[in-house]
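What follows is a set of notes on a single structure, which appears directly below.
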2 protein chains.
Amino acid sequence: MGASKSDHFSEKQNTLATMAKALGHPARIAIIEFLLKTESCICGDIVNELPLAQPTISQHLKELKNADLIKGSVEGNAICYCINEKAMEKLQHYFGNIVNKLEKRKTTCC
Amino acid sequence: MGASKSDHFSEKQNTLATMAKALGHPARIAIIEFLLKTESCICGDIVNELPLAQPTISQHLKELKNADLIKGSVEGNAICYCINEKAMEKLQHYFGNIVNKLEKRKTTCC
DNA sequence: TTAATATATTGCAATATTACGATAAAAAAT
DNA sequence: ATTTTTTATCGTAATATTGCAATATATTAA
């Protein structure tokens with residue numbers, strides 16, 4: 001087959017997988033880190049920063065946006081992309097919760 | 001092409017992308033959550049828990065292991081899989097750091 | 001209006017992922 | 001030794017991702 005059976009999993013699981021998947025490419029990690037580094041919301045400069053062609057970057061931005069990890073707003077004839085803070089908080093909490101639960105365990109396995 | 005240009009990105013970026021990619025499938029999120037839920041390190045029970053065939057689960061486990069998100073140790077004729085706490089801490093800190101940096105910003109964009 | 005600038009979309013080739021039946025491997029139980 | 005149990009691997013089909021040239025779109029500048 002090839003298609004993932006997302007209907008068999010919960011809404012939350014699918015949302016999280018979508019977010020993680022969007023971060024599952026070094027170029028997209030690099031984009032997030034670039035957006036974090038630049039105080040102002042830089043847009044097309046990402047193309048100059050990364051070793052990828054403009055259409056490729058545009059596609060990566062689209063995927064980050066679809067996963068709700070970044071936001072984009074029209075700013076003149078350019079577009080201002082920036083990190084969606086809420087999404088990052090969500091991820092932080094998700095992994096924080098996992099770490100908490102693991103720490104509470106008495107039994108250490110493996 | 002199709003292959004990702006991982007050589008153009010930093011070691012850290014690639015490692016993180018690999019971890020995120022491994023979590024980028026609902027079945028693998030479900031596996032992590034199942035390992036978290038069961039106090040003891042359940043192994044083959046995952047097959048009974050998820051709506052996927054045994055070879056598929058085995059493959060997903062392999063990817064989680066390759067990304068260093070879980071550990072597996074032989075336990076009789078079964079295998080005890082469990083979450084790699086350090087990996088989860090790494091992810092928590094990564095997103096925590098992003099959230100911190102975003103919070104410190106005066107300018108709110110988008 | 002026309003040209004320039006910035007970003008998105010289309011189309012396509014190369015490659016990777018997902019899923020599973022069949023089968024192998026390895027230890028435990030009989 | 002044979003069977004059972006548990007997990008891994010192989011082979012393969014269906015689908016998704018990655019990357020980019022070419023092109024479209026949309027806004028600003030001239």
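Nothing here was measured: the structure is a model prediction, and the numbers come from that model. Residue numbers start from 1 in every chain, and the chains themselves are labelled A, B, ... in the order their sequence lines are given, proteins ahead of strands.
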Please work out if Glu63(B) contacts a base, only the sugar-phosphate, or nothing of the nucleic acid, heavy-atom cut-off 4.0 Å.
-> sugar-phosphate
Please give, in whole Å, the distance from dT18(D) P to Ile29(A) CD1?
-> 12 Å
Nearest-angstrom distance from the residue atom NE2 of His25(B) to P of dA16(D) | 11 Å
Any idea which of dA21(D), dT9(D), dG19(D) is nearest the Lys62(B) side chain?
-> dT9(D)
Sequence-distant partners of Ala78(B), side chain to side chain contact (heavy atoms under 4.5 Å, CB included), two or more places apart | Cys43(B)
Want to settle it: does Pro55(A) or Gly24(A) sit nearer the 5' end of DNA chain D, counting the closest nucleotide to each?
-> Gly24(A)
Does any N or O in the side chain of Ser58(A) come within less than 3.5 Å of the main-chain N or O of Gln54(A), such that one atom is a donor and the other an acceptor?
-> no
Can you figure out which of dA16(D), dC20(C), dG19(D) approaches the side chain of Lys21(A) most closely?
-> dA16(D)
Mind calculating the distance between CG (Leu61(B)) and C1' (dA19(C)) to the nearest angstrom?
-> 15 Å
Starting at atom CD1 of Ile57(A), determine the distance to atom P of dC20(D), rounded to an integer number of angstrom.
-> 9 Å
So do the side chains of Leu23(A) and Leu16(B) get within less than 4.5 Å of each other, counting heavy atoms only?
-> no
Side chain to side chain, Met88(A) and Gln92(A), heavy atoms closer than 4.5 Å = no
How are the rings of Phe95(B) and Phe95(A) set relative to one another: parallel (under 30°), tilted (30 to 60°) or perpendicular (over 60°)?
-> parallel
Any idea how His60(A) and His25(A) line up, ring-wise: parallel (<30°), tilted (30 to 60°), or perpendicular (>60°)?
-> tilted
Apply salt bridge (charged side-chain N to carboxylate O under 4.0 Å, His left out) to the pair Lys12(B) and Glu33(A), showing each step before the final yes or no.
-> CA-CA 11 Å; Lys12(B) 277 196 180 179; Glu33(A) 291 179 354; over 6 Å; no
Mind calculating the distance between CG (Asn66(A)) and P (dT18(D)) to the nearest angstrom?
-> 13 Å
For Lys90(A), look at atom NZ and say whether over 12 heavy atoms of other residues, nucleotides or ligands are found less than 6.0 Å away.
-> no
Value in whole Å for how far the P atom of dA26(D) lies from CD of Glu75(A) = 19 Å
Whole angstrom value for the distance that separates C1' of dA19(C) from CZ of Arg28(B) = 12 Å
With 3.5 Å as the limit, what N/O pairs link the protein to nucleotides 4-7 of chain D?
{"unit_1": "dT5(D)", "atom_1": "O2", "unit_2": "Asn77(B)", "atom_2": "ND2", "d": "3.2"}
{"unit_1": "dT7(D)", "atom_1": "OP1", "unit_2": "Gly44(B)", "atom_2": "N", "d": "3.2"}
{"unit_1": "dT7(D)", "atom_1": "OP1", "unit_2": "Ile79(B)", "atom_2": "N", "d": "3.1"}
{"unit_1": "dT7(D)", "atom_1": "OP1", "unit_2": "Ile79(B)", "atom_2": "O", "d": "3.4"}
{"unit_1": "dT7(D)", "atom_1": "OP2", "unit_2": "Gly44(B)", "atom_2": "N", "d": "3.1"}

Note down the inter-axis angle between the two ends of the helix from dT1(C)-dA30(D) to dT30(C)-dA1(D), five pairs each, to the nearest 10°.
-> 20°
CD of Gln59(A) versus C1' of dG11(C): gap in Å, rounded?
-> 12 Å
Examine dT17(C): is either OP1 or OP2 under 4.0 Å from a nitrogen or oxygen in the side chain of His60(B)? Give yes or no.
-> no
Minimum-distance nucleotide to Thr56(B) side chain [options: dC20(D), dG19(D), dA19(C)] | dA19(C)
What do you reckon, is CD of Glu11(A) surrounded by more than 12 foreign heavy atoms closer than 6.0 Å?
-> no
